[in-house]
Amino acid sequence: TKIFAYAIREDEQPFVKEWEKAHPEVEVEFTDKLLTPETASLAKGADGAVVYQQLDYTAETLQALADNGITKMSLRNVGIDNIDMAKAKELGFQITNVPVYSPNAIAEHAAIQAARILRQDKRMDEKMAKRDLRWAPTIGREVRDQVVGVVGTGHIGQVFMQIMEGFGAKVIAYDIFKNPKLEEKGYYVDSLDDLYKQADVISLHVPDVPANVHMINDDTIAEMKDGVVIVNVSRGPLVDTQAVVRGLDSGKVFGYVMDTYEGEVGVFNEDWQGKEFPDAHLADLIDRPNVLVTPHTAFYTTHAVRNMVVKAFDNNLALVEGNEPETPVEVK
Ligand code: COI
């Protein structure tokens, strides 16, 4: 049995080797290259492929992989929005993802950044750097005084709720799929509009499906409370970023936590030092004192990365051995 892995970063290599050691019967080969029509042949002879990339898995890419004899593909991440599913179905692909590698990684990041916005930490840091040690006007808001609205109560949303409750916040939630335990405890409001109207901090934990695209826009921001904090550690397309910028400019939006961004592909996780920065809107956001930009790193912890690698290889081995993988993706 042979498994070929694409786009293995240096920080993933120890976990690949750990898995390989635990599975001496499996031959493991990997590259740091992304899966593209050009690199598909690298996997020739393997029984399955382990992949991760934000680049689209296009019809051409899937076709090229299938032409090299591989239709068992295991993602190391959760999001499946960049796969041409119709083509995958046509080619008979079996796909797995890792939906739960560490909800805490993402939820913690969201909570930490939201709290930093509330305390105006970036402004205070900038003052420190200038040796301006005065308190005012950089006064904070306590988390316990906020109503925190959580959009999406899957694994990540639930951990985020627990953390914010730990700080003493009042937590409300919205989801089209209601979790019975949360429903029993009365967390859910009836509509997204209700959540937007009541929450001081709004955090998104929903997938990038068509119905959610630009759910944060001029109209929904207008419904929100003055001084709202918006958190997007989920997917860039959920937010009309320029609408948030207008909200920041008017003062309606107190702060924005942005770990994911509509224009992030090809920009995040690249070194732009000494080069022309490719996105003026992004540069503006990074420079704002009440915006905390991180380059899609909410997930990026040792705990998460290890699980992403190990679970993806486990899934792929199950596929190639004809067993039921732990977390199959519905190819439809
Ligand atoms: C995912 O797991 O889908 C993520 O968003 C993290 C990924 C970019 C590594």
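Note that these values count all heavy atoms, side chains included, but never hydrogens, waters or copies made by symmetry. Whatever order the structure lists ligands and atoms in, that order sets their numbers, starting from 1.
The contact set between ligand 1 and His296, taken as ligand atoms under 4.0 Å from a residue heavy atom, comprises 4 (C), 5 (O), 6 (C), 8 (C). Near Gly79, meaning under 4.0 Å from any of its heavy atoms, are these atoms of ligand 1: 1 (C), 3 (O). Close contacts between ligand 1 and Met308 involve ligand atoms 9 (C) [criterion: under 4.0 Å to a heavy atom].
Regarding atom 8 (C) of ligand 1, its nearest protein heavy-atom neighbour is Tyr52 OH, 3.1 Å.
Using a 4.0 Å cut-off between a side-chain N of Lys or Arg and a carboxylate O of Asp or Glu, Asp132 and Lys130 do not qualify as a salt bridge. Ion pairing of Arg9 with Asp32 is absent here, as no side-chain N (NZ or NE/NH1/NH2) approaches a carboxylate O to less than 4.0 Å. The existence of a salt bridge linking Arg76 and Glu12 is confirmed by a sub-4.0 Å separation between a basic side-chain nitrogen and an acidic carboxylate oxygen. Checked for salt-bridge contact, Arg119 and Asp121 miss the test: no charged N lies under 4.0 Å from a carboxylate O.
For a threshold of 3.5 Å applied to N or O pairs, the pair formed by Val78 and ligand 1 contains at least one separation below that value. Residue Asn77 places at least one N or O, backbone or side chain, under 3.5 Å from an N or O of ligand 1.
Between the side chain of Asp125 and the main chain of Met128, no donor-acceptor pair closer than 3.5 Å is present.
The residue from Phe268, Tyr101, Phe299 that puts a heavy atom closest to atom 9 (C) of ligand 1 is Phe299.
Heavy-atom minimum distance, Leu42 versus Phe4: O-CE1, 3.5 Å.
At least one heavy atom of Arg235 sits less than 4.0 Å from an atom of ligand 1.
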